[in-house]
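What you see is a predicted model, and the numbers here were worked out from it, not measured in a lab. Just so it is clear, the values below take in all heavy atoms, side chains as well, and ignore hydrogens, waters and symmetry mates.
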Amino acid sequence: MDVKIQNDRQYWIDTMIKIASPVLNALEQKQLKEVMPVEEKEGASREKFSHLEAMSRLLVGIAPWLEKKSVNEKEEKLRLHFCNLARAAMDAGTDPASPDYMNFKDDFQPIVDTAFLAQAILRAPNELWEKLGAKVQQNVIEALKGTRSRKPVFSNWLLFSAIIEATLYKIGEDDWDPMRIDYALKQFSQWYVGDGVYSDGPEFHYDYYNAFVIHPMLVDLIETVENEYRDWGAIKSDIVKRSQRYAVIQERLISPEGTFPPVGRSLAYRCGALQSLSLHALRSDLPENVRPAQIRSALTAVIRKSLEAIGTFTPEGWLTIGVCGHQPGIGEGYISTGSTYLCSTIFLPLGLSELDPFWSDPPMDWTAKSVWSGQDVPIDHAL
């Protein structure tokens with residue numbers, strides 16, 4: 001295998017581990033609340049939410065890598081180590097007797113990050129569910145059900161409640177609630193505005209929530225529950241096609257330099273803004289004219305631009321608020337240190353084998369790089 005190709009994957013793994021290690025090592029020692037700084041907008045009071053954010057948002061991005069056995073002995077040893085750390089983290093975060101027991105029931109924000117924990121389980125059902133001990137499984141179930149006492153906001157939040165119930169369904173709980181799932185699926189069918197884009201609530205907002213939440217959760221949701229009701233299965237094709245189209249758009253948004261337009265809210269999630277593209281790279285289901293190697297090359301450029309900037313990490317290795325370095329002004333009132341770990345979702349393709357064309361094919365120019373260097377490229381078409 002070409003050395004440059006090997007180095008792409010190794011670079012991704014090294015960067016992912018750099019992000020994950022402070023969170024998971026602290027949780028293994030049950031010291032996350034003690035050692036993790038909570039950077040936030042003055043007066044935001046996010047301390048009671050930030051630790052669950054850090055754990056759940058990290059796990060939802062690294063879950064496919066945790067779930068996939070590596071053919072590389074060194075990487076496999078590392079993967080097994082981080083699987084153990086991830087399960088220890090879930091134990092520490094969901095055990096009421098733990099000093100790192102997290103907030104699943106107070107206020108509304110825990111609905112969001114319990115959903116990311118649930119989605120992580122869907123993405124790694126063997127490593128992050130089947131291999132949990134019975135006690136930890138019961139604690140996780142209680143944590144998931146603990147969010148039911150509050151209603152979600154009438155927006156992308158509907159999907160948080162739905163994905164929690166889908167996970168309860170997946171793990172065999174009899175009292176999962178189909179209404180929360182049905183409501184989210186039907187409401188988002190009404191909020192579809194065309195060409196692969198959903199409105200996030202009654203009014204359209206130009207931001208990256210189609211990638212942060214909407215498409216990835218709709219796809220994971222329908223993949224989980226499609227066979228339970230005929231009308232759910234009937235809409236799967238539309239959900240997947242729309243998500244694929246949005247991923248194609250995302251590939252075209254990546255500039256020759258590896259940047260993307262800094263538009264809309266939650267830019268502190270950094271390269272997590274490209275989750276839809278990463279998800280469909282993992283699924284290997286994009287059109288033939290969007291080659292896996294061009295996606296890898298584009299995302300590698302984004303990772304370098306977004307996560308190598310000076311100030312991205314504190315001296316102790318924690319993520320700071322910003323999209324390219326430390327930019328506190330990008331942090332809204334709901335953003336804190338834990339929030340930023342949604343950047344991990346760019347690493348979803350690490351769930352592909354090293355032998356997959358995504359990793360094994362030679363590097364390629366992506367669309368914008370091809371266009372702005374004068375190459376001939378296929379024209380874009382609406383869905």
Side-chain angles (χ1 to χ4, degrees), residues 56-57 60 104 107-123 144-170 173 175-247 249-250 264-266 269 272-273 275-276 279-280 283 334 342 345 382-383:
S56 299
R57 295 171 186 227
V60 80
F104 296 97
D107 216 319
F108 293 90
Q109 180 65 37
I111 299 172
V112 178
D113 296 293
T114 306
F116 285 127
L117 178 61
Q119 191 177 20
I121 292 170
L122 291 180
R123 288 176 171 176
L144 298 181
K145 292 181 178 180
T147 62
R148 289 172 166 175
S149 61
R150 289 90 71 212
K151 70 178 184 69
V153 180
F154 192 55
S155 67
N156 69 84
W157 281 45
L158 296 180
L159 291 167
F160 298 138
S161 291
I163 209 83
I164 289 169
E165 296 304 320
T167 303
L168 290 168
Y169 164 80
K170 177 74 173 180
E173 286 296 292
D175 65 340
W176 66 282
D177 183 0
M179 269 302 299
R180 283 179 167 90
I181 296 173
D182 194 61
Y183 183 28
L185 290 174
K186 286 186 167 57
Q187 188 59 66
F188 270 92
S189 292
Q190 295 180 50
W191 283 342
Y192 182 63
V193 296
D195 202 20
V197 178
Y198 291 92
S199 175
D200 187 6
E203 295 183 356
F204 177 76
H205 302 86
Y206 199 103
D207 55 34
Y208 289 102
Y209 270 80
N210 270 264
F212 290 140
V213 175
I214 297 170
H215 282 299
M217 284 206 172
L218 278 172
V219 169
D220 286 355
L221 179 64
I222 203 66
E223 290 282 9
T224 303
V225 302
E226 62 173 308
N227 294 323
E228 189 63 28
Y229 289 96
R230 184 178 301 174
D231 57 329
W232 292 356
I235 61 174
K236 178 183 177 180
S237 177
D238 282 344
I239 287 173
V240 173
K241 286 178 182 178
R242 293 167 181 175
S243 186
Q244 290 167 326
R245 170 58 182 160
Y246 189 73
I249 293 171
Q250 289 216 299
R265 66 190 182 101
S266 299
Y269 302 159
Q275 182 182 185
S276 287
L279 175 64
H280 286 284
R283 291 168 56 89
Y334 58 86
L342 199 61
T345 54
L383 183 62

### Reported CD1-to-CD1 distance for the pair I239 and I222, which is rounded to 0.5 angstrom
4.0 Å
### Task
Would you check if there is a donor-acceptor pair between the side chains of Y208 and S266 at a distance under 3.5 Å?
no
### Query
How many angstroms lie between CG in L158 and CG in L185, if you round to the nearest 0.5 Å?
10.5 Å
### Backbone of I163 reached by a side-chain donor or acceptor of T167 within 3.5 Å
yes
## Note on the structure
Residue pairs passing the salt bridge (charged side-chain N to carboxylate O under 4.0 Å, His left out) test with at least one member in residues 152-164, sequence neighbours excluded, are none
#### Entry: With sequence neighbours excluded, residues passing side-chain contact (heavy atoms from CB on, under 4.5 Å) with E228
Y169, W176, W232
#### Entry: Donor-acceptor under 3.5 Å (R57 side chain, F116 main chain)
no
### Query
Is a side-chain N or O of H215 found less than 3.5 angstrom from the main chain of A247, in a donor-acceptor match?
no
### Message
Determine whether a donor-acceptor pair (N or O, by modelled atom type, separation under 3.5 Å) exists between the side chain of Q250 and the backbone of A273.
### Response
yes
### L144 side, atom CG; F104 side, atom CZ - distance, nearest 0.5 Å
8.0 Å
### Query
Can you find a heavy atom in the side chain of Q275 that is under 4.5 Å from one in the side chain of Y269?
no
### Any side-chain heavy-atom pair of L279 and T345 under 4.5 Å
no
### Query
Got M217 and V213 here, is their nearest side-chain heavy-atom distance under 4.5 Å?
yes
### Query
Are side-chain heavy atoms of F108 and V153 found at a separation under 4.5 Å?
no
### Message
As an exercise, state the distance from OG of S189 to CG of L218, rounded to the nearest 0.5 Å.
### Response
8.0 Å
### Task
Please collect all side-chain hydrogen bond (donor to acceptor under 3.5 Å, both in side chains) contacts where either partner lies in residues 150-159, sequence neighbours excluded, each pair once.
N156-D200
### Query
Is there side-chain contact between R283 and V219, with at least one heavy-atom pair below 4.5 Å?
yes
### Message
Give me the atom names and distance for the closest heavy-atom approach of A166 to V225.
### Response
CB-CG1, 3.9 Å
### Query
Where does the angle between the aromatic ring planes of W191 and F154 fall among parallel (under 30°), tilted (30 to 60°) and perpendicular (over 60°)?
perpendicular
### Message
Please check: side-chain N/O of D107 versus main-chain N/O of Q109, any donor-acceptor pairing under 3.5 Å?
### Response
no
### Task
Might you confirm whether atom NZ of K170 has over 12 heavy atoms from other residues, nucleotides or ligands at distances under 6.0 Å?
no
### Query
Are the charged groups of R148 and D177 less than 4.0 angstrom apart, N to O?
no
### Task
Report the residue from F204, Y192, Y246 that forms a ring pair (Phe, Tyr, Trp, His ring centres under 6.0 Å) with Y198.
Y192
### Query
Could you state the interatomic distance from CD (E226) to CD1 (I235), rounded to the nearest 0.5 Å?
10.5 Å
### Query
How far apart are the closest heavy atoms of L117 and S56, and which atoms are they?
CB-OG, 3.5 Å
### Heavy-atom closest contact (V240 atom, H280 atom, distance)
O-CE1, 4.2 Å
### Non-hydrogen side-chain atoms of R245 and R242 separated by less than 4.5 Å
no
### Task
Working to the nearest 0.5 Å, report the span between CG of L159 and CD1 of I111.
13.0 Å
### Task
Check the pair R265 / H205 against side chain to side chain contact (heavy atoms under 4.5 Å, CB included), numbers first and verdict last.
CA-CA 9 Å; R265 66 190 182 101; H205 302 86; over 6 Å; no
